[in-house]
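The block underneath contains the structure these notes are about, expressed in structure tokens.
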Protein chains: 2
Amino acid sequence: MRLTTKGRFAVTAMLDLALRQDNGPVTLAGVAERQRISLSYLEQLFGKLRRQELVASVRGPGGGYCLARDARSISVAQIITAVDEPLDATQCGGKENCLDEHRCMTHDLWSSLSRRMYDYLDSVNLHDLMVQQRDKTTHRVVVHDHAVRPGVSEMVRVQL
Amino acid sequence: MRLTTKGRFAVTAMLDLALRQDNGPVTLAGVAERQRISLSYLEQLFGKLRRQELVASVRGPGGGYCLARDARSISVAQIITAVDEPLDATQCGGKENCLDEHRCMTHDLWSSLSRRMYDYLDSVNLHDLMVQQRDKTTHRVVVHDHAVRPGVSEMVRVQL
DNA sequence: TATAAAGTCGACTGAATTGATCGGGAATTG
DNA sequence: CAATTCCCGATCAATTCAGTCGACTTTATA
């Protein structure tokens, strides 16, 4: 499990998509502009996301991308591993370069750590992020309107 | 927070150190040989670990490295951020390239995610890993005594 | 049917990072 | 003194990152 800006771009773009797909397919050009990510780079990322069946594409005018499944069933871990393909195979990974007892130490240690990290990222899904983001927006509006709509947002804020 | 093989090397080396420092300072040459990491690369990593005061060095014959503090007080997160220095400042990070409402989305989303990951890695310390590793070794010995040498790797393999 | 809007694909690029190598130091022990 | 070990800087090939470009396919609609 790697964690780089590449994964962040993908998660950000997917969240943008999730928040806007109610009005039909979302164009990459739109995502690129809103999130300040280069269009061509997005195309590469969405190529991978599409092959992993996290998004579906609609060609032609009025086309764009939609989530391929419910936001609740798409985890952050799935997004990240979709674009960061070489999962973690870079280590000794069963090859011949680590010998005797120590092979196991390195291998097990890291696979255990990285599994626990994966489990965490897998427990956060796109819908969670949408709610979190909408609350933030709401909160801003509330502050603007000064205190007409108390509720929802108050709590989430604290966590960040 | 980045998570790459560089961090894995550092954690592995620190664990090797922690498991052997009872007999005095541990040489990098020893770590290099046992863990199959190049000596010069280890020197670079330990330079950073020393500057972060996670390890202390002893020069001259019989010298080497020791943990600078108790294993319980050194977390995996500390090790990783020590060697992967540019913590996470690579994003929009308060700069001018993200505008209006969307700035907050990207920024808050990722800082929240990455903070939770950090918290997790910060909750695992070197002592935890030592215990985990020693248990595994013990377990292996038991199996070993059993049959005619059914292969050291047999058990450990399962987990992978 | 022609055109424009969109996705699709492949090749390529500059910059940064990874992991490694080398050479020469400085400190310490015996 | 000589050996051992840490320390530091320069350099390097390979890979990845992030972005660019050009050509192509699909499809809605004027």
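In what follows, chains are A, B, ... by sequence order, proteins preceding strands, each numbered from 1.
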| task | Would you mind classifying the nucleic acid contact of Ser40(A) as base, sugar-phosphate or nothing, using non-hydrogen atoms under 4.0 angstrom? | result | base

| By salt bridge (charged side-chain N to carboxylate O under 4.0 Å, His left out) - contacts of Asp119(A) (at least two apart) | Arg115(A)

| message | Both Gly63(A) and Arg51(A) contact DNA chain C. Which one's nearest nucleotide lies toward the 5' end? | response | Gly63(A)

| Check: Gln35(A) and Leu42(A) side chains under 4.5 Å, non-hydrogen atoms | no

| query | What nucleic acid atoms does Phe46(A) come within less than 4.0 Å of, heavy atoms only: base, sugar-phosphate, or nothing? | reply | nothing

| First encountered from the 5' end of DNA chain D, between Ser38(A) and Glu43(B) | Glu43(B)

| field | Those residues that, when tested against Thr27(A), pass side chain to side chain donor-acceptor pair (under 3.5 Å) (two or more places apart) | value | none

| query | Reckon Val55(B) touches a base, only the sugar-phosphate, or nothing at all at heavy-atom distances under 4.0 Å? | reply | nothing

| Among all residues two or more places apart in sequence or in another chain, which pass the side chain to side chain donor-acceptor pair (under 3.5 Å) test with Ser57(B)? | none

| Tyr65(A) side chain, from C-beta outward: closest of dA20(C), dT18(C), dG7(C) | dG7(C)

| Arg50(B) side chain near dC7(D) phosphate (N/O to OP1/OP2, under 4.0 Å) | yes

| Residues in salt bridge (charged side-chain N to carboxylate O under 4.0 Å, His left out) with Asp70(B), at least two apart? | Arg72(B)

| message | Less than 4.0 angstrom between a side-chain N/O of Ser57(B) and OP1 or OP2 of dT5(D), yes or no? | response | no

| task | Please say whether more than 12 non-hydrogen atoms of neighbouring residues, nucleotides or ligands are located less than 6.0 Å from CD in Glu53(A). | result | no

| query | Leu42(B) has an atom CG; how far is it from atom P of dT18(C), in whole Å? | reply | 15 Å

| field | Between dT18(C) (C1') and Lys6(B) (NZ): distance, integer Å | value | 7 Å

| Aromatic ring pairing Phe46(A)/Tyr65(A), orientation class (parallel under 30°, perpendicular over 60°, tilted between) | tilted

| message | I want to confirm an ordering. Mapping Ala29(B) and Tyr41(A) to their closest nucleotides on DNA chain D, which one lands closer to the 5' end? | response | Ala29(B)

| Atom-to-atom span, CG of Asp84(B) to P of dA16(C) - whole angstrom | 17 Å

| message | Run the side chain to side chain contact (heavy atoms under 4.5 Å, CB included) test against Glu33(A) and tell me which residues pass, sequence neighbours left out. | response | none

| request: Report the distance from atom CG of Leu28(A) to atom P of dC9(C), rounded to the nearest whole Å. | output: 13 Å

| Separation of dG7(C) P from Lys48(A) NZ (nearest whole Å) | 18 Å

| request: Quickly work out the Leu49(A) CG to dG7(C) P distance and round it to whole Å. | output: 13 Å

| field | Protein-nucleotide distance (Gln44(B), atom CD; dA10(D), atom C1'), rounded to Å | value | 11 Å

| said: Between P on dT18(C) and CD1 on Ile37(B), what's the gap in Å once rounded to a whole number? | reply: 15 Å

| Which part of the nucleic acid does Gly47(A) contact within heavy-atom distance under 4.0 Å: base, sugar-phosphate only, or nothing? | nothing

Using atom names, set out every protein N or O paired with an N or O of nucleotides 26-30 of chain C below 3.5 Å, distance rounded to 0.1 Å.
residue : atom : partner  : partner atom : Å
dA27(C) : O4'  : Arg59(B) : NH1          : 2.5

| request: Determine the contact category for Leu39(B): base if any of its heavy atoms lies under 4.0 Å from a base atom, sugar-phosphate if only primed atoms, P, OP1 or OP2 are that close, otherwise nothing. | output: nothing

